[in-house]
Amino acid sequence: MLAEAFPNILFDAPPRSIVEIAYSRIGAHQITYIRSGKWTGETSAAQSDALGFGESIKLVWLLSGCMAIEDRDRRVAIKAGEALLARHSSDCLLAGSDDYESLVLRLHPSADPAWRDLVEAGGQELRIGCSSAAAAAHAGFMALLRQTNHDSTSELAVQSLFELVTRSANRGIVKPVSDPVAPSLYRARELIRQNIADPRYTPERLAHDLGLSRRSLYNRFADNGVTPAAFIRMVRLAQARQEIENDPSGATPLTTIALRNGFPDSSSLSHAIKSAYGVSPRALRGRR
């Protein structure tokens with residue numbers, strides 16, 4: 001059922017538990033509902049195009065939990081009550097939280113050419129929130145999922161419900177952000193983040209998780225001007241720095257931040273931050 005509902009997603013770590021999953025193809029569109037545990041995966045533009053989704057757009061509507069979407073231009077986190085409207089055909093990494101629940105709509109813009117214009121600027125973040133329109137749209141989509149036989153009015157219902165959601169939501173253009181990491185290393189970064197608290201996560205384990213030989217791993221990183229060990233350290237430092245900057249009051253001990261990012265103690269983390277960024281952890285907190 002999972003592969004049928006999401007044929008364009010390669011799951012690195014399939015959902016730990018699928019509480020409920022359902023999907024329905026209605027004309028040129030598809031509605032999918034899923035409630036599950038934590039998962040990670042990636043999508044390929046080539047795979048989407050091969051499946052005939054090249055012209056489609058998608059609306060990912062989070063009902064519970066959160067989801068991270070990362071491509072070469074941006075990293076977006078969607079929380080419950082928010083949605084992302086974007087092209088279906090893209091290369092990106094995906095990750096869902098433990099209490100993940102969402103409605104995913106795949107729509108073909110031939111139904112309304114104006115739909116394509118909604119994603120031409122790179123995508124839109126939609127904050128749906130709690131409203132009568134959102135409640136009606138949610139109930140409508142779930143009713144269509146439960147219906148076994150569809151006719152031409154079903155396709156009209158999908159289009160009307162989509163209009164109801166997008167017109168009632170507060171919109172914000174998803175702005176691209178600069179990313180120093182090359183696209184070829186995105187999956188490596190995600191794997192390091194998943195194992196970031198483990199100080200024994202080495203280039204050898206990274207090569208194994210990527211399905212590469214040690215030589216192939218080093219060649220890939222050499223093409224990007226960095227060694228695997230340096231890249232792992234860079235990801236650890238970037239995550240630790242973000243946690244420090246997001247904790248200006250110092251409520252979380254530096255030792256705790258160090259340990260959950262793979263450093264043996266606070267002294268090692270302090271020295272690494274000073275060497276990499278030229279400032280102390282105390283100064284980073286002060287900047288905030």
Side-chain angles (χ1 to χ4, degrees), residues 1-25 30-44 47-48 51 53 58-71 74-86 88 90-106 125-130 134-135 137-139 141-146 165 186-198 200-201 205-206 208-211 235-236 239 242-243 246 252 256 259-262:
M1 174 71 82
L2 186 65
E4 295 173 357
F6 299 100
N8 65 312
I9 298 180
L10 172 63
F11 287 95
D12 295 323
R16 292 178 180 175
S17 61
I18 298 178
V19 180
E20 185 178 355
I21 184 170
Y23 73 96
S24 180
R25 294 189 181 93
Q30 178 172 310
I31 307 171
T32 304
Y33 170 82
I34 182 170
R35 185 155 61 99
S36 72
K38 187 176 181 180
W39 60 272
T40 60
E42 58 184 302
T43 62
S44 160
Q47 175 72 358
S48 295
L51 291 168
F53 303 157
K58 63 183 175 184
L59 177 73
V60 183
W61 181 0
L62 262 289
L63 305 174
S64 177
C66 61
M67 178 181 182
I69 302 174
E70 181 175 345
D71 62 19
R74 63 191 176 184
R75 188 168 191 267
V76 179
I78 311 172
K79 299 176 290 185
E82 297 180 348
L84 181 71
L85 181 63
H88 202 287
S90 62
D91 296 312
C92 60
L93 296 173
L94 310 169
S97 64
D98 273 325
D99 52 346
Y100 182 81
E101 182 183 11
S102 74
L103 270 171
V104 182
L105 312 180
R106 188 181 76 232
E125 256 185 301
L126 309 179
R127 286 176 174 78
I128 296 173
C130 298
H138 176 250
F141 284 127
M142 296 305 290
L144 286 170
L145 276 173
R146 289 190 293 267
V165 171
Y186 283 170
R187 192 174 177 213
R189 178 170 61 182
E190 185 61 28
L191 287 167
I192 295 166
R193 285 172 173 166
Q194 291 172 21
N195 295 276
I196 202 164
D198 186 355
R200 296 167 298 178
Y201 196 75
R205 287 182 57 187
L206 178 60
H208 176 270
D209 291 345
L210 287 169
V235 174
R236 293 187 191 281
Q239 180 65 32
Q242 183 178 14
E243 291 184 27
N246 290 340
T252 304
T256 301
L259 293 175
R260 67 189 181 198
N261 287 288

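- Taking each heavy atom of Asp209 and Arg187 in turn, the nearest pair found is O-NH2, 4.2 Å.
- Of all heavy-atom pairs spanning Tyr100 and Gly37, the tightest one is CB-O, 4.4 Å.
- For Tyr186 against Leu93, the heavy-atom pair with the smallest separation is O-CD1, 3.2 Å.
- One distance of note links CD of Glu42 with CD of Gln47; it measures 11.0 Å at 0.5 Å rounding.
- The distance from atom CD1 of Ile192 to atom CD of Gln194, rounded to the nearest 0.5 Å, is 10.5 Å.
- For Asp99, the side-chain hydrogen bond (donor to acceptor under 3.5 Å, both in side chains) partners are Ser97, not counting sequence neighbours.
- Ala95 approaches Thr40 most closely through the heavy-atom pair CB-CG2, 4.0 Å.
- Rounded to the nearest 0.5 angstrom, Arg146 CZ and Ser24 OG are separated by 12.0 Å.
- Here the side chains of Val60 and Met67 are in contact, with some heavy-atom distance below 4.5 Å.
- The shortest side-chain heavy-atom distance between Thr43 and Phe6 does not fall under the 4.5 Å cut-off.
- Side-chain N/O atoms of Gln30 and Tyr23 include no donor and acceptor closer than 3.5 Å.
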**Report entry** CA sep, side-chain torsions, deciding dist, call: Ser44, Asn8, side chain to side chain contact (heavy atoms under 4.5 Å, CB included)
**Finding:** CA-CA 7 Å; Ser44 160; Asn8 65 312; over 6 Å; no

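- Note that OG of Ser102 is 8.5 Å distant from OH of Tyr33, once rounded to the nearest 0.5 Å.
- For Glu190 (side chain) and Leu94 (main-chain N/O), no donor-acceptor pair under 3.5 Å exists by modelled atom type.
- Inter-residue side-chain proximity for Leu62 and Lys79 is flagged as unmet; no heavy-atom pair is nearer than 4.5 Å.
- Closest non-hydrogen pair, Ala5 versus Ile21, comes out as CB-CD1, 3.9 Å.
- No side-chain heavy atom of Arg260 sits less than 4.5 Å from a side-chain heavy atom of Gln239.
- Note: Arg106 CZ to Arg25 CZ = 6.5 Å, rounded to the nearest 0.5 Å.
- Under the 3.5 Å distance criterion, the side-chain polar atoms of Arg236 are matched with a main-chain donor or acceptor of Asn261.
- Residues Ser36 and Ile18 come closest through the heavy atom pair CB-CA, 4.1 Å.
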Report task. Before giving the answer on side chain to side chain contact (heavy atoms under 4.5 Å, CB included), spell out for His138 and Leu63 the whole-Å C-alpha distance, their side-chain angles and the decisive distance to 0.1 Å. Result -> CA-CA 9 Å; His138 176 250; Leu63 305 174; 3.7 Å; yes

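- Atom-to-atom distance recorded for Leu103:CG and Met142:CE is 6.0 Å, nearest 0.5 angstrom.
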